[in-house]
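All remarks here apply to the structure that follows.
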There are 2 protein chains.
Amino acid sequence: MAKNHTPESAALELESIFKLLKGRWKLLIIFHLFDGKIQRFSDLERQIPGISQKMLAQQLRELENDGIVSRKVYPEVPPKVDYRMTSWGQELCPALDALLTWNEKSEKQKGE
Amino acid sequence: MAKNHTPESAALELESIFKLLKGRWKLLIIFHLFDGKIQRFSDLERQIPGISQKMLAQQLRELENDGIVSRKVYPEVPPKVDYRMTSWGQELCPALDALLTWNEKSEKQKGE
DNA sequence: CGGTATCCTTTTTGATACTG
DNA sequence: CAGTATCAAAAAGGATACCG
């Protein structure tokens, strides 16, 4: 591992990162917002079959509080709200790619 | 995102990766085995305060079944068993590093 | 349209005791 | 030493109904 991490400190920091992404629907939401995509609450609801309003709202709230997603309210009637990645959130992309790359090595290596 | 992933396929694949690492104690176990470290069951038990035998056994079993950790039994009395990362498991390192790097950017960027 | 509030089920984790 | 088995607690997720 890079840096001056003990097993404990590295694990602790990674736990906190995983906590940001932990939740049945968060990755799906994130991938629907990656690359500058902007979506309204109802867009996400339509694009993510099976999600309830409660869970969508809850997971969006957490992503927002954690600085990964930003929420924009338009003072209109009827109400309009949309969501996009923060620039920090968008930078998750390469890190997630590294995980995908790792996973794809398993085909060649497993059982070795 | 690299590759030809839809939001759904990328999220699905990442979910399966996170599932491998999901568990209250797995990251701690992994970091105690990274870089070629070899540990007996009782070593891990001592080094991970608060873990119960049940949880240690359970999480080790899952890591083993998922090909991340390998288990070696020595035919001795009293029994001796030890654990180490598989080479695929060891390659998690750079991917986890990418996540740590991402996280450390948050100090500069959050609230932007 | 974009949410909350309530209640219930499922999944995960933990405490404790026991065993080859 | 290296585990299992059993039972209980806690956390996460889901169904449904209602609201500004």
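Order of the sequence lines sets the chain letters (A, B, ...), proteins ahead of strands, with each chain counted from 1. Source: prediction; values computed, not measured.
The CD1 atom of B:Ile30 sits 10.0 Å away from atom SG of B:Cys93, with the distance rounded to the nearest 0.5 Å. Atom CZ of B:Phe31 sits about 12.5 Å away from atom CD1 of B:Ile29, to the nearest 0.5 Å. In this structure, CD1 on B:Ile48 lies 5.0 Å from CG on B:Leu44, to the nearest 0.5 angstrom. Interatomic distance, B:Met85 CE to B:Asp35 CG, rounded to the nearest 0.5 Å: 9.5 Å.
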Under-3.5 Å N/O pairs linking protein and nucleotides 4-9 of chain C:
none

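Mapping heavy-atom proximity under 4.0 Å, the span of DNA chain D touched by chain B runs 5' to 3' from D:dC1 to D:dT6.
When the nearest nucleotides of DNA chain D are assigned to A:Ser52 and A:Pro79 by heavy-atom distance, the more 5′-ward of the two goes with A:Ser52. The nearest heavy atom of DNA chain D to B:Glu45 and to A:Met55 marks one nucleotide each, and the one closer to the 5' end goes with B:Glu45.
Summarising the geometry, the separation between NZ on A:Lys80 and C1' on C:dC1 is reported as 12 Å, rounded to the nearest angstrom. Protein atom CD1 of B:Ile51 is 16 Å distant from nucleotide atom P of C:dT12, rounded to whole Å. Residue A:Arg71 contributes atom CZ, which lies 16 Å from atom P of C:dC1 at whole-angstrom precision. In this structure, CG of A:Leu56 is placed 14 Å from P of C:dC1, rounded to the nearest angstrom. In this entry the distance linking CD1 of A:Ile48 with P of C:dG2 reads 14 Å, nearest Å. A:Glu64 places its CD atom 14 Å from the P atom of C:dG2, with the value rounded to the nearest Å. Atom CD of A:Glu76 and atom P of C:dG3 are 14 Å apart (whole Å).
In this structure, the side chain to side chain contact (heavy atoms under 4.5 Å, CB included) partners of B:Ser9, at least two apart in sequence or on a different chain, are B:His5, B:Thr6. Judged as a side chain to side chain donor-acceptor pair (under 3.5 Å), and not counting sequence neighbours, the contacts of A:Gln47 are A:His32, A:Gln39. Partners of A:Lys72 by side chain to side chain contact (heavy atoms under 4.5 Å, CB included), not counting sequence neighbours, listed by chain and number: A:Tyr74, A:Asp82, A:Arg84. Residues satisfying the salt bridge (charged side-chain N to carboxylate O under 4.0 Å, His left out) test with B:Glu91, not counting sequence neighbours, are A:Lys105. Evaluation of the side chain to side chain contact (heavy atoms under 4.5 Å, CB included) rule for B:Val73 yields B:Arg71, B:Val81 as partners, not counting sequence neighbours.
Screening residues 43-56 of chain A for salt bridge (Lys or Arg N to Asp or Glu O under 4.0 Å), with sequence neighbours left out, gives A:Asp43-A:Arg46.
Axis deviation across the helix from C:dC1-D:dG20 to C:dG20-D:dC1 amounts to 50°, comparing end segments of five pairs, rounded to 10 degrees.
Using a 4.0 Å heavy-atom distance criterion, B:Tyr83 is classed as a sugar-phosphate-only contact. Using a 4.0 Å heavy-atom criterion, one finds that A:Gln59 contacts the sugar-phosphate atoms exclusively.
For B:Trp25, no side-chain nitrogen or oxygen approaches OP1 or OP2 of C:dT12 to under 4.0 Å.
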Listed pairs under 3.5 Å, donor-acceptor, residues 10-21 of chain A side chains, sequence neighbours left out:
from: A:Glu13; atom 1: OE2; to: B:Asn103; atom 2: ND2; distance (Å): 3.3
from: A:Ser16; atom 1: OG; to: A:Glu13; atom 2: O; distance (Å): 2.8

Hey, can you pull the donor-acceptor pairs under 3.5 Å for the side chains in residues 55-63 of chain A, sequence neighbours left out?
from: A:Gln59; atom 1: OE1; to: A:Trp25; atom 2: N; distance (Å): 3.1
from: A:Gln59; atom 1: OE1; to: A:Lys26; atom 2: N; distance (Å): 3.3
from: A:Arg61; atom 1: NH1; to: A:Tyr83; atom 2: OH; distance (Å): 3.3
from: A:Glu62; atom 1: OE1; to: A:Lys26; atom 2: NZ; distance (Å): 2.7

